[in-house]
Amino acid sequence: YRVTERVDKKKFYACSMLPYPSGKLHMGHVRNYTINDVMARYLRMKGYNVLMPMGWDAFGLPAENAAMKNKVAPAKWTYDNIAYMKKQMQAMGLAIDWSREVTACKPDYYKWNQWLFLKMLEKGIAERRTQVVNWDPVDMTVLANEQVIDGKGWRTGAVIEKREIPGYYLNIVKYAPELLEHTLTKLPGWPERVRTMQENWIGKSEGVRFAFTHAIKDVSGALIGDGKMYVFTTRADTIMGVTFCAVAAEHPLASHAATSNKALATFIEECKKGGVAEADMATMEKKGMNTGLQVTHPLSGEKVDVWVGNYVLMSYGDGAVMGVPAHDERDFAFANKYGLPIKQVIAIPAAQFSSETWHESFGDKQSGVCMNSGKYDGLTYATAVNAITSDLVAKNLGEKKTTYRLRDWGISRQRYWGTPIPMILCNTCGAVPVPEKDLPVVLPEDCIPDGSGNPLKSHAGFLNVACPKCAKPSQRETDTMDTFIDSSWYFMRYCDPQLSTAMVGKGADYWMPMDQYIGGIEHAILHLLYARFWTKVMRDLGLVKFDEPFTKLLTQGMVLAETFYRKNADGSMEWFNPSDVDVETDAHGKPVRAVLRSDSQPVMMGGIEKMAKSKNNGVDPQDLIDAYGADTARHFTMRAAHPEDTLFWSDAGVAGSYRFMRRLWDFAQKIAPQIQGIKPGAHADLADALKAKRRDLHATLQKATFDIDRLQYNTVVSAGDILLNALTEMKGDDAHTRAVIAEGISILLRVLYPVTPHLTFALWKQLGFGENLLDAPWPLVDEAALKQDNITLVLQINGKTRGELVVPSAADRAAIEALAGVAPEIARYGEGRAPKKIIVVPGRLVNIVV
RNA sequence: GCCCGAGUGGUGAAAUCGGUAGACACAACGGACUUAAAAUCCGUCGCUUUCCUGGAUAAGGGGCGUACCGGUUCGAUUCCGGUCUCGGGCACCA
């Protein structure tokens with residue numbers, strides 16, 4: 001399966017999202033790589049030069065968790081897992097070019113993460129600033145969102161706090177306009193749903209940024225924020241309806257007010273409790289407290305109260321929002337809760353405004369016009385926004401602004417098992433980049449994390465280094481990079497895996513952009529967006545010549561399985577694998593109770609979720625491969641569902657795939673002597689029954705070809721069943737029959753080869769069709785075999801199927817209408833009425849409307 | 001909470017552009033083969049038998065049926081509006 005950059009063939013680069021080496025393959029992997037393998041083998045039969053590589057997303061949190069649990073170094077754990085999973089992949093018979101294997105935790109790979117990071121620093125795309133993280137006050141460590149459960153640390157149970165620390169950011173927002181435009185224009189080969197999700201994630205919004213004014217001074221006597229409190233709104237037409245403002249707990253005005261207000265200081269502290277995940281922020285109870293400060297409305301000149309709101313985030317825009325309760329649902333709820341005034345400024349024709357209950361139309365900007373807004377009364381949305389904006393501009397207090405929901409990419413992780421960020425922290429010079437010649441900054445592989453912070457902080461060999469600028473003793477940055485960086489460009493490294501002088505080279509020029517990318521729908525936003533951004537940065541640095549890395553995308557559906565758990569006395573959760581649990585079902589097959597097999601005690605059912613390490617619900621396909629072989633596992637996985645659909649795991653039906661394998665084998669053994677030396681293919685003067693049989697075979701082949709081209713592999717597998725059924729039904733032993741059987745089995749073996757390569761390869765050789773099915777051509781449909789004298793149309797009366805109509809296949813619309821007009825079904829079902837209209841769908845049906 | 005999907009027999013599913021709903025399988029049931037079992041092979045398999053013909057729960061016909069409610073159309077699993085349920089993502093799981 002090794003491939004080179006040959007120019008005599010058309011290239012095709014088909015790649016799966018690289019796996020995290022969690023220990024064993026699970027069914028999601030098997031599904032992903034089998035899809036990839038079917039595609040690769042099929043396209044090779046079609047004459048393409050096909051690259052199918054594989055690698056390892058080898059850095060990440062699970063290795064550290066395993067280290068804590070088993071006291072094994074993450075490096076050893078990771079390398080052991082890779083070795084095991086690679087063996088499993090080989091047992092599956094995947095057509096992988098292993099000479100191109102990429103392992104993200106090896107210095108020859110992550111060196112280039114560091115190198116590109118330094119280039120981004122030079123270009124101003126990367127920068128150091130503060131970030132907000134989940135802080136566990138007991139373990140004194142930063143936690144991932146996954147490690148925060150109900151606002152508490154997963155190991156300590158301590159209430160998590162938000163904490164600001166320094167970190168590095170990549171300026172992806174700068175690329176937002178291009179990412180958005182290319183989502184819409186350059187990704188026709190992507191699923192619509194993924195493009196929509198990315199579009200919404202980038203979230204362009206056009207609005208107005210403007211300032212409320214004030215004269216509030218800090219302790220040093222300086223005006224806070226130069227006397228301006230900025231907010232952003234997409235609804236400038238409602239500015240005259242502002243009845244309060246809300247700022248984040250970290251906003252300078254909030255801090256200032258808290259110095260003389262104990263209750264407020266307590267409230268601000270409370271706002272810092274809990275994690276940083278957006279879902280938590282969005283679902284928590286909205287709370288606020290009046291700061292006692294007031295700012296001046298820039299247009300009305302009225303005084304407006306400033307509140308602190310726990311739902312306002314300092315990291316979004318300016319950390320302050322205007323409150324218009326009459327026309328914003330969240331502000332409406334907030335105002336009702338705290339008894340704030342509600343001022344209607346948009347006349348709503350469709351609904352009666354009520355200050356008690358919210359109605360969707362209160363926020364409708366399409367139909368309403370301004371009211372209670374002075375000179376803006378009567379203006380519609382667009383004209384009001386324009387008029388208000390020009391007044392704000394004239395006062396030098398605002399301007400139109402396009403903002404994005406997308407936030408810059410924070411890449412610093414306070415963790416050991418990742419790419420070291422190549423910076424040196426000098427007491428004199430500050431944060432100094434590691435000189436390019438000193439790359440890679442090698443991560444020591446002998447650390448064992450214990451859950452209480454980053455072990456690099458106490459690793460003298462790693463930590464201590466001379467400052468590149470002033471040569472004084474300094475310390476390395478101990479933060480490592482987000483592992484999304486590793487997965488943002490590995491697919492390019494597959495093209496030049498051994499290149500030591502550059503990140504990418506001629507191989508990437510040949511293979512990229514990737515023709516087909518395959519991976520789980522759960523990566524629809526983050527991974528794919530980061531990879532697109534990283535590619536554009538590489539392009540801007542002159543490393544590659546294309547804008548988008550993935551021409552076509554197949555988002556494989558998730559493999560889901562039931563989860564089972566017990567809550568331990570200390571509140572922690574223990575998850576049990578479905579294979580260790582017996583489930584009792586009710587009469588409808590719904591699970592009602594589950595029992596752990598080892599101790600016969602009940603376990604809780606945690607619902608159906610994606611197979612994942614964290615919930616221990618991944619099903620190991622090894623049992624399947626051991627019991628039935630790789631072909632059965634592949635056949636079953638492809639048969640079970642359309643590649644893009646969610647698959648609820650159940651192994652019922654595996655026996656059917658195995659049975660099919662055996663039927664095929666037995667049939668081939670039976671006919672082997674009969675078709676010895678017979679030339680497969682069309683013979684003149686076949687009997688009608690054999691002609692019909694050939695028509696069936698080629699019609700099925702036509703359908704299979706159509707389906708394999710549109711990546712609908714489940715029905716390609718079905719076509720294999722249909723072909724075998726058709727062949728086993730055949731009786732007779734004359735030369736014509738033998739020729740049709742030989743033709744049929746040669747089609748069947750090639751149609752199924754991409755799915756079940758081992759069995760079909762052996763039979764292809766045994767039956768004397770050739771030495772190497774791997775490079776046999778995909779079978780061609782014999783159009784002549786499909787021809788028929790008559791075709792049968794469906795006959796409908798008033799849209800209900802009432803019979804059939806046999807017409808000559810050459811009959812035109814008028815001829816069919818004439819035949820249909822005298823159909824006896826009209827009298828039978830037409831209730832005595834005459835045909836009013838006859839609808840003819842060529843090749844399909846006739847509908848007579850009476 | 002917000003964004004994106006999905007929902008079809010007992011089960012997994014199919015139906016290429018709006019045109020015969022349930023291909024192909026699994027399970028189940030009935031039969032053949034066998035001393036017996038396994039394996040294999042053949043057959044039945046959406047609901048309705050208080051809708052009709054029939055002695056009949058055989059057979060045939062009719063009606064209903066693609067989560068639910070409504071709409072567009074000669075015709076809707078497919079398009080539109082709404083609802084429910086389930087799944088994915090929400091920026092430090094990968």
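Keep in mind that the numbers below use all heavy atoms, side chains included, and drop hydrogens, waters and symmetry copies. All chains are named by letter (A, B, ...) in the order of the sequence lines, taking the proteins before the strands, and each is independently numbered beginning at 1.
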If you compare every side-chain N and O of [X] against the phosphate oxygens of [N] (OP1, OP2), does one of them come in below 4.0 Å?
| X | N | value |
| --- | --- | --- |
| A:Arg193 | B:rG5 | no |
| A:Arg844 | B:rG75 | no |
| A:Asn714 | B:rA14 | yes |
| A:Asn145 | B:rA91 | yes |
| A:Asn200 | B:rC4 | yes |

For [X], which contact category applies under a 4.0 Å heavy-atom criterion: base, sugar-phosphate, or nothing?
| X | answer |
| --- | --- |
| A:Lys610 | base |
| A:Arg195 | nothing |
| A:His523 | base |

With respect to the side chain of [X], which nucleotide from [options] is positioned closest?
| X | options | result |
| --- | --- | --- |
| A:Lys800 | B:rU20, B:rA39, B:rG63 | B:rG63 |
| A:Leu61 | B:rA25, B:rG88, B:rC93 | B:rC93 |
| A:Thr283 | B:rG1, B:rC92, B:rC41 | B:rG1 |
| A:Gln712 | B:rG19, B:rA14, B:rA25 | B:rA14 |

Aromatic rings A:Phe59 and A:Trp417: how do their planes relate, parallel, tilted or perpendicular, breaks at 30° and 60°?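 Rings of A:Phe59 and A:Trp417: perpendicular, over 60°.
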Hey, does the side-chain of A:Gln414 have a donor or acceptor N/O within less than 3.5 Å of a partner on the base of B:rC92?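 Yes.
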If B:rG9 has a Watson-Crick or G-U wobble mate with both distances under 3.5 Å, name it; if not, just say none.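 B:rG9 is unpaired by these criteria.
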Donor on one side chain, acceptor on other, A:Arg155 and A:Gln147, under 3.5 Å: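 There is no such pair (donor and acceptor under 3.5 Å, judged by atom type) between the side chains of A:Arg155 and A:Gln147.
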Modelled atom types, side-chain donor and acceptor of A:Thr141 and A:Asp136, under 3.5 Å: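 Short answer, no.
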Taking the C1' atom in each of B:rA21 and B:rU78, what is the distance between them to the nearest angstrom?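 Nearest-Å result for B:rA21 against B:rU78 at atom C1': 12 Å.
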Is it the case that atom CG in A:Asp709 sees more than 12 heavy atoms from other parts of the structure closer than 6.0 Å?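 Atom CG in A:Asp709 is crowded, with more than 12 foreign heavy atoms closer than 6.0 Å.
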For A:Lys162, does the NZ atom have more than 12 heavy-atom neighbours from other residues, nucleotides or ligands under 6.0 Å away?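 Counting neighbours around NZ of A:Lys162, more than 12 heavy atoms of other residues, nucleotides or ligands fall under 6.0 Å, so yes.
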